[in-house]
Protein chains: 2
Amino acid sequence: MQTTNTTEQQIIEAARKIFMQRGLSGARMQDIADAAGINKAMLHYYYRSKDKLFEIVFAEAVQALLGRVNAIFAGDMPWKEKIVAAIDNYITSISENPYLPLFVLHEINQNPDRLVSQFLHGPLFPNLRAFMAELAEEAAKGNIRKVDPLQLMISIISMCVFPFAAKPLLTGVFQMDANAFGKFIEERKKFVGSFVLNALEP
Amino acid sequence: MQTTNTTEQQIIEAARKIFMQRGLSGARMQDIADAAGINKAMLHYYYRSKDKLFEIVFAEAVQALLGRVNAIFAGDMPWKEKIVAAIDNYITSISENPYLPLFVLHEINQNPDRLVSQFLHGPLFPNLRAFMAELAEEAAKGNIRKVDPLQLMISIISMCVFPFAAKPLLTGVFQMDANAFGKFIEERKKFVGSFVLNALEP
DNA sequence: CTTTGCATTAACCAAATGGTTAAACAACTT
DNA sequence: AAGTTGTTTAACCATTTGGTTAATGCAAAG
């Protein structure tokens, strides 16, 4: 999130804000221009079209959401610590941009092909796959309960991501204010970690 | 999902389909008319405006997603069975309309106020609250590990709902086809149940 | 058969929206 | 001072889109 003052950057920042909040179809070029404090023609001058501009913001967002999932499972900690660290790490990083998960999920749903083009740039989560293999080994050795690593991984991601995707729903249903939600998320870092470790106990 | 052939019903069905797929801002009245096989003017004849039509579809969807969460925790089974049954039940019911979770989450995010109006019609999940209280009791008695019931509830909901919200992402990243995803969901009913019970073991 | 009242349609309308353009501006070169 | 080049703007344009309307169809009531 650099904040240089070049017009190009101002546009990207404004586009990020508006697209994340309203999605591709809900965003208005005029609103992005207003948010950037510049003339609408500049958007096209620098980025040609709404779609091109969106593509940039979207690619960035996918990277922030998925790229991190892989990065977080790097390192050579023992598996227990790695799980706990990864969860803490991931929840913290999403906290910094709570709109991100739902934005990415929604736009992928609108046009799944867009995701494919993102994956041509890199391999499919090597660290995550390595970690899943490691879990399978530990299960074979009897150190953890025998579980499908894919189901486990998706469960962990679910528990980390979903609360953010459902934030307005949760705050509405359980009558939390912004403060209570922040506290809930802080708690959650600890909860999910121990919840998962306990569930893996043989 | 009645399928009577009155024009009014055809419109609602078409609106459901289009709104769920594309969201409020992405849906076009013309597309809804086409999907229903009728003239666009009929939409306004029967439902006045896009917003009014959307409101109906949205209210229905909220009911399907949240109403069921409460209904599922009804009954007087012992808590272990209740958890397992609720999970199986909930995943099954979402399977029938996989677009639903993301649709509701996205639209609530766009306009959280819309949710509030839904809750004037009924109390806030009495069964779910009762069940959370029951869990707290069991924890006090030492029958389950001491956990925050709210964190637990949200974890269960996360693990059930998120895979559907992220379906195109998961099938993309883990290279599943529609068939493999169906199998994954079938497996998941069992996995989440035992995962949760294990995590609650004292 | 004609009237009455709802259902349906094609044509139309005004506002919104993504995109373009020609002119003004500003900084830098010659 | 006069070009030269990249930046910015106001005005404009074509299309899309939600919404309306006047005319037509049509079945039941008289």
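Below, chain A is the first sequence line, B the second, and so on; all start at residue 1. Because the structure is predicted, anything quoted here is derived from the model rather than measured.
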side-chain hydrogen bond (donor to acceptor under 3.5 Å, both in side chains): pairs with one or both residues in residues 21-38 of chain A, sequence neighbours excluded: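 side-chain hydrogen bond (donor to acceptor under 3.5 Å, both in side chains) check on residues 21-38 of chain A returns A:R22-A:D31, A:S25-B:S25, A:Q30-A:D34.
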
Please list all pairs passing the side-chain hydrogen bond (donor to acceptor under 3.5 Å, both in side chains) test where one or both residues lie in residues 146-168 of chain A, with sequence neighbours left out.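 Sorted result for residues 146-168 of chain A: A:Q151-B:R188, A:S155-B:R188.
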
Taking side-chain contact (heavy atoms from CB on, under 4.5 Å) as the criterion, tell me which of B:N89, B:I87, B:D88 meets it with B:C160.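 Going through the options one by one, the only one that passes is B:I87.
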
Are [X] and [Y] side-chain neighbours, meaning at least one heavy-atom pair lies under 4.5 Å?
{"X": "B:L200", "Y": "A:N198", "result": "no"}
{"X": "A:I108", "Y": "A:R114", "result": "no"}
{"X": "B:F58", "Y": "B:F19", "result": "no"}

Whole-Å distance between C:dC12 P and B:N39 CG?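 To the nearest whole Å, that distance equals 14 Å.
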
Within residues 42-52 of chain A, which residues have any heavy atom lying less than 4.0 Å from an atom of DNA chain C?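 Hits under 4.0 Å, by residue number: A:H44, A:S49, A:K50.
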
Those residues of residues 21-28 of chain A lying under 4.0 Å from DNA chain C by at least one heavy atom: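 Nucleic-acid contacts, sorted: A:A27, A:R28.
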
Pairing residues for B:F162 by the ring-ring contact (aromatic ring centres under 6.0 Å, His included) criterion, not counting sequence neighbours: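 B:F162 satisfies ring-ring contact (aromatic ring centres under 6.0 Å, His included) with no other residue.
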
Kindly assign one of parallel, tilted or perpendicular to the pair B:H106 and A:H106, based on the angle between their ring planes and the thresholds 30° and 60°.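 Answer is parallel, since the angle falls under 30°.
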
Going 5' to 3' along DNA chain D, between which two nucleotides do contacts with chain B fall, using a heavy-atom cut-off of 4.0 Å?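 That gives a stretch of D:dT17 to D:dT21.
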
So, are A:R16 and A:E60 salt-bridged, with charged N and O less than 4.0 Å apart?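 Yes.
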
How about B:Y99 and B:F103: are their ring centres within less than 6.0 Å of each other?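 For B:Y99 and B:F103, the ring centres are not under 6.0 Å apart.
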
